[in-house]
Every structure is written in structure tokens, then in C-alpha cells.
Amino acid sequence: MSKDRLFLLKPGFEDPAQPGRFFVCPHCNAIEGLLASFPGLATQIEVHRLSFARPRAEIVELLGEQHQSLPILVFDQTRPVPDDADVANGWRFIDSSQRILRYLADRYTFPHVHQ
């Protein structure tokens, strides 16, 4: 892997438990807004948009079934990885949208989220 990989839910998904409605993930959507606002910076990472339905095979293959909640950022392990990263199947990752946004600002010079 040559880049950090960011996994998000595809916007506009359906939830079988609530038929006839379309949704966005509020945690993924905050990150989507940042990516859309700064498309040049977004090219520095791999972005994967996954379906709402589980199992989410692409992320299960990397981290296992217990880590399917999105968003998740899986680190390019050829570069320094933050100390607070979790580990599954030998991969380091973070799965908090706020932590992902902070990491993108720190590593890739995206703007910081104002508090």
C-alpha cells in the first residue's frame, strides 16, 4: 500500500430497516465535505466508498468483521503512524471521524475543523 486509505459509506444509501428513504452517514459526510472542498489535497490519499450493506468485504479483508463501522482510515505503514492508532490484523487504523479530520489536517495540510 502506498497511500493512506480512507473508507467511507457511499452517500445516498438505503437502509432496509427504513425502506423508501435515502441516507448519508453524518460522520462520513463531514469528511466528504472536506474532500469535496479541497479536491487537490484529496488526491494524496486513497478514498474508498463502500455500500451500507454488511459484510463490507473490502474492510473485513483488512481489519476483520468487528471493524466494519465507517469511517475508517487505514495507514500507509511505510510512514510514521500516530501513537493512538488501533491495530487489527497487523494494520494500524483510526475510526473516529474527529480523529480522522485532525489527522488529515496534520499530515496533509487540510484545514483544521474549527471548534
Side-chain angles (χ1 to χ4, degrees):
M1 177 167 77
S2 61
K3 292 183 178 182
D4 289 333
R5 288 190 272 182
L6 177 61
F7 295 88
L8 303 168
L9 283 175
K10 288 180 188 175
F13 61 85
E14 291 183 77
D15 180 347
Q18 299 182 54
R21 300 176 73 189
F22 293 94
F23 299 91
V24 296
C25 166
H27 306 288
C28 295
N29 211 41
I31 298 168
E32 288 282 12
L34 187 71
L35 297 174
S37 296
F38 300 93
L41 294 174
T43 63
Q44 299 176 83
I45 59 175
E46 289 182 23
V47 179
H48 301 262
R49 291 171 178 88
L50 306 181
S51 298
F52 178 74
R54 291 183 184 211
R56 299 180 180 127
E58 193 171 352
I59 199 72
V60 168
E61 183 178 315
L62 284 174
L63 303 177
E65 286 189 47
Q66 67 275 26
H67 298 290
Q68 293 185 64
S69 294
L70 301 178
I72 289 180
L73 188 139
V74 179
F75 294 105
D76 168 4
Q77 297 184 87
T78 64
R79 298 176 62 179
V81 174
D83 292 337
D84 64 343
D86 290 319
V87 180
N89 294 337
W91 291 100
R92 305 286 305 271
F93 69 96
I94 49 178
D95 60 1
S96 156
S97 60
Q98 291 302 314
R99 180 63 183 102
I100 291 169
L101 289 166
R102 194 168 65 250
Y103 173 79
L104 293 175
D106 291 343
R107 168 118 347 137
Y108 296 106
T109 67
F110 279 90
H112 289 268
V113 175
H114 188 269
Q115 300 297 321

Test side chain to side chain contact (heavy atoms under 4.5 Å, CB included) applied to Leu35 and Leu8, Thr43, Leu41, the passing residue: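 With Leu35 as partner, side chain to side chain contact (heavy atoms under 4.5 Å, CB included) holds for just one option, Leu8.
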If you count every heavy atom of other residues, nucleotides or ligands that lies below 6.0 Å from [X] atom [atom1], does the total exceed 12?
| X | atom1 | result |
| --- | --- | --- |
| Gln66 | CD | yes |
| Glu61 | CD | no |
| His27 | NE2 | no |

Aromatic ring centroids of Phe75 and Tyr103 under 6.0 Å?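 Distance test on ring centres: under 6.0 Å, yes.
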Between [X] and [Y], is there shared hydrophobic-cluster membership here, with clusters defined by ILVMFWY side-chain heavy atoms closer than 4.5 Å?
| X | Y | value |
| --- | --- | --- |
| Val113 | Tyr108 | yes |
| Leu6 | Val24 | no |
| Val60 | Phe93 | no |

If you compare all heavy atoms of [X] against all heavy atoms of [Y], which two are closest, and at what distance to 0.1 Å?
| X | Y | answer |
| --- | --- | --- |
| Pro55 | Gln68 | CA-OE1, 3.2 Å |
| Ile72 | Leu63 | CG2-CD1, 3.8 Å |
| Pro11 | Arg49 | CD-CD, 4.4 Å |
| Pro19 | Pro16 | CD-O, 3.6 Å |
| Leu9 | Ser51 | CD2-O, 3.7 Å |
| Pro39 | Ala36 | CD-O, 3.4 Å |

Is the backbone of [Y] close enough, under 3.5 Å, to the side chain of [X] for a donor and an acceptor to pair up by distance?
| X | Y | value |
| --- | --- | --- |
| Asn89 | Leu62 | yes |
| Asp76 | Thr78 | yes |
| Arg92 | Pro82 | yes |

Check step by step if side-chain contact (heavy atoms from CB on, under 4.5 Å) holds for Arg56 and Phe7. CA-CA 10 Å; Arg56 299 180 180 127; Phe7 295 88; over 6 Å; no
Euclidean distance, [Y] [atom2] relative to [X] [atom1], rounded to 0.5 Å:
| X | Y | atom1 | atom2 | value |
| --- | --- | --- | --- | --- |
| Leu73 | Glu46 | CG | CD | 10.5 Å |
| Glu65 | Ile59 | CD | CD1 | 12.5 Å |
| Ser97 | Glu32 | OG | CD | 12.5 Å |
| Phe23 | Glu14 | CZ | CD | 9.0 Å |
| Leu50 | Cys25 | CG | SG | 11.5 Å |
| Leu104 | Ile94 | CG | CD1 | 7.5 Å |

Taking the six-membered ring for Trp, are Phe52 and Phe13 parallel (under 30°), tilted (30 to 60°) or perpendicular (over 60°)?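 Parallel, since the angle between the ring planes stays under 30°.
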Do Trp91 and Arg5 come close enough that some side-chain heavy atom pair is under 4.5 Å?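 The answer is yes, as the side chains (C-beta and beyond) meet within the 4.5 Å cut-off.
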May I ask you to test the Arg99-Pro71 pair for a side-chain heavy-atom distance under 4.5 Å?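 Counting from C-beta outward, Arg99 and Pro71 never come under 4.5 Å.
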